[in-house]
Protein chains: 2
Amino acid sequence: MLNLAMMLEDSARRLPDRDAVVSGSTRLSYAAVEAAASQVAHVLAERGIGRGDRVALSCPNVAYFPVVYFGILKSGAAVVPLNVLFKSREVAYHLADSGASAYFCFEGSEQLPMGAEGRAGFEETEECEHFFLITADPAAASPIKEAQTLGQAVADSPSRFAAASVEATDTAVVLYTSGTTGRPKGAELTHANMIMNAVTCHKLFGVAEHDVHLVALPLFHSFGQTVQMNAGFGCGATLVLLPRFDADEALALMERERVSFFAGVPTMYWGLLSAQTSGRDLAAVAENLRMAVSGGAALPVEIIRQVEEVFDVQIREGYGLSETSPVASFNHPGRKPGPGTVGEPVWGVEMKLVDDEWNEVPEGEAGEIAVRGHNVMKGYLGRPEATAEVLREGWFRTGDIGRRDEEGRYMIVDRAKDMIVRGGFNVYPRELEEVMMTHPAVSLVAVIGVPHQRHGEEVKAVVVRESGADLSEDALVDWCRETMAGYKYPRLVEFRDSLPMTATGKVLKRELR
Amino acid sequence: MLNLAMMLEDSARRLPDRDAVVSGSTRLSYAAVEAAASQVAHVLAERGIGRGDRVALSCPNVAYFPVVYFGILKSGAAVVPLNVLFKSREVAYHLADSGASAYFCFEGSEQLPMGAEGRAGFEETEECEHFFLITADPAAASPIKEAQTLGQAVADSPSRFAAASVEATDTAVVLYTSGTTGRPKGAELTHANMIMNAVTCHKLFGVAEHDVHLVALPLFHSFGQTVQMNAGFGCGATLVLLPRFDADEALALMERERVSFFAGVPTMYWGLLSAQTSGRDLAAVAENLRMAVSGGAALPVEIIRQVEEVFDVQIREGYGLSETSPVASFNHPGRKPGPGTVGEPVWGVEMKLVDDEWNEVPEGEAGEIAVRGHNVMKGYLGRPEATAEVLREGWFRTGDIGRRDEEGRYMIVDRAKDMIVRGGFNVYPRELEEVMMTHPAVSLVAVIGVPHQRHGEEVKAVVVRESGADLSEDALVDWCRETMAGYKYPRLVEFRDSLPMTATGKVLKRELR
Ligand SMILES: Nc1ncnc2c1ncn2[C@@H]1O[C@H](COP(=O)(O)O)[C@@H](O)[C@H]1O
């Protein structure tokens, strides 16, 4: 047997009294999370749900997320975490596509009525039989008349449940991703995938006697789920949960909770650098912070530099996808750091660069990154063709274009689908963004392709300026013309106050096009 | 996919030039072991052998062991390591029982003609199709006319072979053990079992930048295989191989190769303490030695004390079986050491004490140790009934009787089958041995039960005296009568010059009875 629930269970046995989760004013010990997860498992088992089944979960970063996640795992079923921003139609699509037999949904708030959307989505989905509304106050009456609350469901459940004997190749988690193309597909990650990735994190980051994570990444996404929740629980860390990233609040929590481990997407680091620091003891924050990890999108070297200046920590960038559990490569501590690169493949994982026919490209050239090893998903749930397109002889093609330097480190040139073709030349927005970020008046930038009659596509930069900066569109275009090759510099610049972001902190380029 | 071959492959990618194996005057780098293993995999693949097949290996602790072991794994087949002392009849039994389709066998020596025994066993076994004789000199002609040598077989094989895409639940290794009862049975250990156990070792022992292991434990047995070869390769350690344990030679190698990691059965520690030390720089040996691990049999507290005195290292005792990959419990570094105990269950593993009906015994009482977790075998190959007897709901009953102290540490009271019943009372030989070892004139002791008309069994001690010690049988019986309860002290004592040992260093009690 191999059950990802061991990450919680082992620490609950060894460190029952340690805080596992801090969420607002709630502090839950490992023993408390284990007991609550056991109750959830009982609720499922009583309804005949277990190994071979799938159970969906919509929940922001509050203590219920790990409780229900590990409860589902203990029952033997696989967890299907859903994006908290989904509307009812999307919820219905994911419930049906994953064949979920039960659905746990947080009630949400007035601004984000998750419970109402979730319930509506559930009602559209005949195959999904059980709905549990997670109320912030477990004793509260159900705000949705016909829906049972989690609190009501677990009322008489015993607080011990031995994890089901599932096998290493059973699916532990189904993570939805749009992949390179098409509608969202569920990447099936096995217990072995998820455990090996958490163990790999232990090897990469080292195991401190007591780490405190600030979890600002949404737990429904693979990055925070593996790197912080699973790896963190697996070594008895305390997770301080932040439901919505807010830089000021993040900094306050880092100080108050003595956070030692931060993981974020680049925009979060960018946020931290512009956070309100008056009244904050930055020296203490820097003193406690031992590890800062970035992934999910390209990290501008400029941000690494500034974070090192302010927080006295070297951000380590890694690379991965939902389909790879997610960690695939990393700037390994103890090896030469490669700012601007995503480092080397992690322990037990191989990477190579391939062309459209899966052949390795000549040394030095850019190609699509392919990954092989313990982290590669089983496949896309119920989609043999989509799976066959990306998986061959253990290799998974990522849809990302990369290069490898002489030290064996990889650089992400761009997402294959974000690449711009201008007048027959390939332009990689990521490279341009990296250059433009060094302009003192540029705070954030996204480069996209827009249709153009003659060139096919034209290069455009959407820019957020530093507050108070005095810079015109034309002046920035001029600057770019001087810094970059003629075929690729952005001829169009548009200023905005902010950029649209996904819930996982990536710039939503398709909304800019 | 998950292939145990990653332990070698990853280090070969990362540290190609580091010594992987030192064996006599041979030193092989990781790149060389990887290349040679790849050739072995090619040889198998060409003959249609791969995933789903089993391949047997008889080889002492020389460089060919890891080369062929990882070659078999790379091909996708499972390794069936055989005891090097097997005679032809035993070889034939194991080849047939495991359904091996190929067999690699070391030529051996005049005193131990492994090649001849192996070949004869192979010829008795129709189902096994391929025989490869491993000659110490790969270029030598075959000493057995009709047998192809490994050197001949790999002559034209390419030196790169990507490990087959096997799954986490596929069998990686079949380890033969007599279990609690009956004929030898093959414990099927999966890639997930073996990898998780090696990773657990990394967590237990810590990963040094460059460990040097002295491998005196036979690699065909789970202890040396997992704790030293797999875990060692998995973190780029250098393995110094010793084909036959000889305390003087061991000590010389520890000095010359700057050994940092020793693992052994208690009798090896006992040997090291009596080794020739003149001309040895014991201070240097102690300085380099950072980790000493014991398992496989009960470690007398007296030996821990003496080793600490001489080698300045605290032996850490663990417990496990072939069926548990093998590590199940350990005296964790960083926690309170419990001399005389086998420590706490390792990361991700649970233990409990049960009665014949699988019910937990009352707190404080002795019971049969049961184990659950990532380390428990899939089952006994081709023996569903034997498997069902020992495996239930993920729990494996070990046949060992144990107790748990207030700190949650386990003590092995005895092997269920070694327990003596004298006049209705249970006597645990292990306990008596522990006491008798504290007698200044006793060097080694094994306590057994012998048939007795009135009491059913009588308690007998077979003793090796310290050299030069002046002690009579009667005097020792008197001493025991004063130190132990009346129903259990040994009334019979026999002196010998040595005790019969298994190849894995356990006292062969059945040969004493
Ligand atoms: N630390 C230990 N103390 C006492 N007996 C042990 C210890 N470790 C292993 N054993 C014994 O060795 C057996 C396993 O043998 P094997 O399957 O050959 O590895 C166990 O069932 C125990 O009886």
Side-chain angles (χ1 to χ4, degrees), chain A residues 1-14 76 162-170 172 190-196 198-200 202-203 206-207 209 234-236 332 334-335 344-352 371-378 391-396 408, chain B residues 1-14 76 162-170 172 190-196 198-200 202-203 206-207 209 234-236 332 334-335 344-352 371-378 391-396 408:
Chain A
M1 71 166 279
L2 196 67
N3 192 324
L4 178 57
M6 69 174 266
M7 295 290 158
L8 167 63
E9 292 184 341
D10 194 85
S11 293
R13 280 193 295 273
R14 206 159 48 80
S165 277
V166 295
E167 292 303 330
T169 44
D170 285 355
T190 65
H191 290 272
N193 284 149
M194 296 296 282
I195 289 175
M196 287 302 288
V199 163
T200 300
H202 292 168
K203 288 187 172 284
V207 169
E209 203 288 301
C235 59
H332 290 62
R335 304 191 204 162
E344 294 163 74
V346 296
W347 188 64
V349 168
E350 291 173 89
M351 299 198 338
K352 64 181 181 185
V371 179
R372 189 175 200 250
H374 53 71
N375 59 344
V376 172
M377 66 165 180
K378 201 146 96 173
L391 272 184
R392 191 176 292 187
E393 290 164 16
W395 287 98
F396 165 70
Chain B
M1 70 166 279
L2 196 67
N3 190 324
L4 178 57
M6 70 174 267
M7 295 290 159
L8 167 63
E9 291 185 341
D10 194 86
S11 293
R13 281 194 294 274
R14 207 158 47 80
S165 276
V166 295
E167 292 303 331
T169 44
D170 285 354
T190 65
H191 291 272
N193 285 150
M194 296 296 283
I195 290 175
M196 288 302 288
V199 162
T200 300
H202 291 168
K203 288 186 172 284
V207 169
E209 202 289 300
C235 59
H332 290 62
R335 304 192 204 163
E344 294 163 74
V346 296
W347 188 64
V349 168
E350 291 173 89
M351 298 198 338
K352 64 181 181 185
V371 179
R372 190 175 200 250
H374 53 70
N375 60 344
V376 172
M377 65 165 181
K378 200 147 96 175
L391 273 183
R392 191 177 290 188
E393 290 165 15
W395 286 98
F396 164 70

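A, B, ... follow the sequence lines: proteins, then strands. Residue 1 opens every chain.
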> Can you tell which of B:Gly394, B:Cys235, B:Ser165 has the highest number of heavy-atom pairs within less than 4.5 Å of chain A?
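With the most close heavy-atom pairs to chain A, the winner is B:Ser165.
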> Considering non-hydrogen atoms only, spot the tightest contact between A:Asp10 and B:Gly348 and give its length.
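The pair with the smallest heavy-atom distance is OD1-N, 2.7 Å.
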> B:Lys203 versus chain A, heavy atoms under 4.5 Å apart: side chain, backbone, both or neither?
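Just the side chain, heavy atoms under 4.5 Å.
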> A:Lys378, A:Glu393, A:Arg14: which one forms the most heavy-atom pairs within less than 4.5 Å of chain B?
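Heavy-atom pairs under 4.5 Å are most numerous for A:Arg14.
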> Using side-chain contact (heavy atoms from CB on, under 4.5 Å) as the criterion, list what pairs up with A:Thr169, not counting sequence neighbours.
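In terms of side-chain contact (heavy atoms from CB on, under 4.5 Å), with neighbours along the sequence ignored, A:Thr169 is linked to A:Glu167, B:Glu167, B:Ala168, B:Thr169.
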> Between B:His202 and chain A, with a heavy-atom cut-off of 4.5 Å, which part of the residue counts as in contact: side chain, backbone, both or neither?
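Interface part for B:His202: side chain.
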> Within this structure, what is the CG-CE distance for the pair B:Asn375 and A:Met1, rounded to the nearest 0.5 Å?
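Answer rounded to 0.5 Å: 10.0 Å.
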> Name the region of B:Val166, side chain, backbone, both or neither, that has any atom closer than 4.5 Å to a heavy atom of chain A.
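Contact with chain A involves no heavy atom of B:Val166 at all.
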> Please determine, among A:Arg335, A:Met7, A:Glu9, A:Glu209, the option with the most heavy-atom pairs under 4.5 Å with chain B.
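Top option by heavy-atom pairs under 4.5 Å: A:Arg335.
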> Let's test your reading of the structure: which of A:Ala192, A:Gly234, A:Ala164 forms the most heavy-atom pairs below 4.5 Å with chain B?
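Among A:Ala192, A:Gly234, A:Ala164, the one with the most close pairs to chain B is A:Gly234.
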> Which residues pass the side-chain hydrogen bond (donor to acceptor under 3.5 Å, both in side chains) test with A:Asn3, sequence neighbours left out?
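side-chain hydrogen bond (donor to acceptor under 3.5 Å, both in side chains) list for A:Asn3, sorted by chain: empty.
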> Using a 4.5 angstrom heavy-atom cutoff, name the option from A:Val349, A:Thr190, A:Val376 with the most pairs to chain B.
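Ranked by contacts with chain B, first place is A:Val349.
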> Compare every heavy atom of B:Ala163 with every heavy atom of A:Arg372, then report the nearest pair and how far apart it is.
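Answer, listing the atom of A:Arg372 first, then B:Ala163: NH2-O, 2.8 Å.
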> Can you tell me which portion of A:Ala5 sits under 4.5 Å from chain B's heavy atoms? Options are side chain, backbone, both or neither.
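The answer is neither part of A:Ala5.
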> May I ask you to name which of A:Arg13, A:Met196, A:His191 has the most heavy-atom pairs under 4.5 Å with chain B?
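Looking at each of A:Arg13, A:Met196, A:His191 in turn, A:Arg13 comes out on top.
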